Amino acid sequence: MAGVKIDGLEKKFGSLRVLKGIDLDIRDGEFVSFLGPSGCGKTTLLRSIAGLEEIDGGRVVLGGQPISKLPPAKRDIAMVFQNYALYPHMNVYKNLSFGLSLNGVPKAEIDERVQNAARILQITELLKRRPKQLSGGQRQRVAIGRAIVRDPKLFLLDEPLSNLDAGLRVTMRVELANLHKRLGVTMIYVTHDQVEAMTLSDRVVVLDQGKVAQFGTPLELFYAPRNLFVASFIGSPKMNFLDVSVKISGEKELTVSAEELSGEIKVALEAAAKDVAGPHTLGIRPDNIELVAQDEAHMSGQVLLVERLGTESQVHIKLENGQTFVAIARGTHPAATGDRVYLKFPAQHCHIFNGEGQAYPRELDAETRSLIDRQKSLHGAAQRGEEK
Ligand SMILES: Nc1ncnc2c1ncn2[C@@H]1O[C@H](COP(=O)(O)OP(=O)(O)O)[C@@H](O)[C@H]1O
Ligand SMILES: [Mg+2]
């Protein structure tokens, strides 16, 4: 077991700068996801840690030992790929044991490790089968088993579930979470799926074009996104955004106004804002918009579409300025296409971003703050091997 420290990692392909100075400190036993859109550098970062890519700058430290100069085989890291890359002509037992045989591990020890991995993954009865006689989920388990038998210091998983159908992905997600709990080993998991990242991870690294946009617990990313990129990437349906101007109205308070808004919105901040000149952006999540009576509203719009999902209704609203906002109402909302609706943006749920897209840290209400702190302490407990 070991933590991973990454300092100033740089990677170029030809003239293309793919990783632009990545700094990360991943704790021993932590489950961390790299999350971001396709092409942002997730796989390259993972392969750089594994030693499968030569890096152009910075360093990687595993369990206190600098490993950037070590060949992949000497790094004590196991990687699971998206396409499981099993040997088709070998049965499951051979697939699991092959790497160990190559490394000269004694036969009795190989058998013990294979049987142990098979038991953990519940594939003991499949050991004699060939990969083509297995389902997608079973193959993926064998691929993970190949990593487990090596008993590595660090597991790297690159979108390991993306070839599975939706139902199986959910099952395997739960299995992976349990596996991490049982092994207690540091795992880094690459995904472009925010639900996977948010449900599996102790902390999530959001990557934006080769840079760390934010590294935090799932709830920190959701309630306190540090910039527009994270705010719009995390959460589904997406946060709504409106161009606004702001002025400082109190020691730790901004007043937001816009042509489209009737009245002003006063947003409480965690720290005093300094320079607030220029264009700003207000962000509000769909479930935080309230549909209210006209005299309480900040804005009105026309209903384009109502998606009624039973537990909630997603109301798509065309604003006067031509933008579309989505509001979520609990239960079944009666609005019909063409209706005029009135929107309220409760100040405590408004996110404010400056011209560079950086958020002003909001003052969070006590309930939200305690949710975030609780998640942090649960993960702390998990790392210490205590029951959740
Ligand atoms: N071997 C390579 N040669 C040249 N460009 C590459 C290579 N591998 C990845 N890239 C480029 O690097 C960027 C990041 O790729 P990648 O790390 O695979 O992204 P992700 O895994 O987030 O989808 C992309 O622009 C991709 O086209
Ligand atoms: Mg990738």
Side-chain angles (χ1 to χ4, degrees), residues 4-24 26 31-60 62 67-68 71-73 75 77-86 136 139-140 143-144 146-147 154-166 168-169 172-173 176 186-201 203-216 218 221 225-236 238 357:
V4 184
K5 198 163 183 319
I6 297 169
D7 296 321
L9 187 75
E10 294 276 342
K11 173 67 190 168
K12 284 189 271 189
F13 287 115
S15 60
L16 183 69
R17 212 171 146 219
V18 174
L19 300 177
K20 305 167 184 166
I22 305 276
D23 298 309
L24 289 173
I26 295 169
F31 194 117
V32 166
S33 291
F34 294 167
L35 174 69
S38 181
C40 70
K42 304 181 295 292
T43 295
T44 305
L45 180 53
L46 207 64
R47 289 173 56 85
S48 300
I49 296 170
L52 300 171
E53 299 289 355
E54 208 171 305
I55 60 179
D56 295 300
R59 60 177 202 153
V60 181
L62 176 63
I67 57 168
S68 319
R75 294 191 180 198
I77 293 173
M79 188 152 167
V80 178
F81 299 91
Q82 175 178 352
N83 53 352
Y84 329 119
L86 302 179
R139 271 180 227 169
Q140 189 51 269
I144 293 170
R146 234 173 13 185
L154 174 65
F155 272 75
L156 305 177
L157 303 111
D158 192 356
E159 311 230 12
L161 308 186
S162 57
N163 286 344
L164 306 177
D165 64 56
L168 196 52
R169 286 179 77 129
M172 286 299 290
R173 202 165 83 203
L176 261 182
T186 317
M187 290 191 177
I188 303 179
Y189 184 89
V190 161
T191 181
H192 64 272
D193 180 339
Q194 57 161 301
V195 175
E196 275 180 21
M198 298 288 276
T199 53
L200 277 168
S201 315
R203 288 191 296 166
V204 179
V205 179
V206 181
L207 285 174
D208 175 19
Q209 298 181 53
K211 285 193 187 146
V212 176
Q214 191 167 352
F215 184 20
L221 300 181
R226 248 193 235 144
N227 46 56
L228 273 174
F229 183 83
V230 175
S232 64
F233 197 77
I234 303 283
S236 176
K238 275 186 191 311

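Whatever order the structure lists ligands and atoms in, that order sets their numbers, starting from 1. All figures in this text were calculated on a predicted structure; none of them were measured in a lab.
- For ligand 1, the polar-atom distance check against Gly41 finds a nitrogen or oxygen pair separated by under 3.5 Å.
- By the criterion of a separation under 2.8 Å, the protein N/O/S atoms near the Mg ion (ligand 2) amount to Thr43 OG1.
- Remark: the backbone N or O of Gly8 is paired with a side-chain donor or acceptor of Asp23 at under 3.5 angstrom.
- Using a 4.5 Å cut-off on side-chain heavy atoms (C-beta onward), Ile55 and Ser68 make contact.
- For ligand 1, none of its N or O atoms has an N or O atom of Leu16 under 3.5 Å away.
- Closest approach of Glu53 and Phe13 over heavy atoms only: OE1-CE2, 3.7 Å.
- Contact annotation: Gly36 has no heavy atom less than 4.0 Å from any atom of ligand 1.
- Two residues are said to be in side-chain contact when any heavy atoms from C-beta on lie closer than 4.5 Å; Gln194 and Leu221 fail this criterion.
- For atom 14 (C) of ligand 1, the nearest non-hydrogen atom of the protein is Gly39 O, 3.4 Å.
- Looking at heavy atoms from C-beta onward, Ile22 lies in side-chain contact with Leu207 at the 4.5 angstrom threshold.
- Looking at Lys42, its side chain never comes within 3.5 Å of a backbone N or O of Tyr189 through a donor-acceptor pair.
- The protein heavy-atom contact nearest to atom 17 (O) of ligand 1 is Thr44 OG1, 2.5 Å.
- When only interatomic distances are considered, the shortest N/O to N/O separation between Thr43 and ligand 1 falls below 3.5 Å.
- Within the 4.5 Å cutoff, no side-chain heavy atoms of Ile49 are placed close to those of Leu62.
- The shortest distance between side-chain heavy atoms of Phe34 and Leu24 falls below 4.5 Å.
- For atom 11 (C) of ligand 1, the nearest protein heavy atom (residue, atom name, distance) is Phe13 CD1, 4.0 Å.
- By the 4.5 Å heavy-atom criterion applied to side chains, Glu196 and Glu159 are not counted as neighbours.
- For ligand 1, the atoms sitting less than 4.0 Å from at least one non-hydrogen atom of Ser38 are 23 (O), numbered in the order shown with element in parentheses.
- The shortest heavy-atom contact between Leu19 and Gly41 is CD2-O, 3.6 Å.
- When the ring-ring contact (aromatic ring centres under 6.0 Å, His included) test is applied to Phe215, no partner is found at least two apart in sequence or on another chain.
- Less than 4.0 angstrom separates atom 27 (O) of ligand 1 from none of the non-hydrogen atoms of the protein.
- The proximity of Val18 to ligand 1, defined as any non-hydrogen pair under 4.0 Å, is limited to the side chain.
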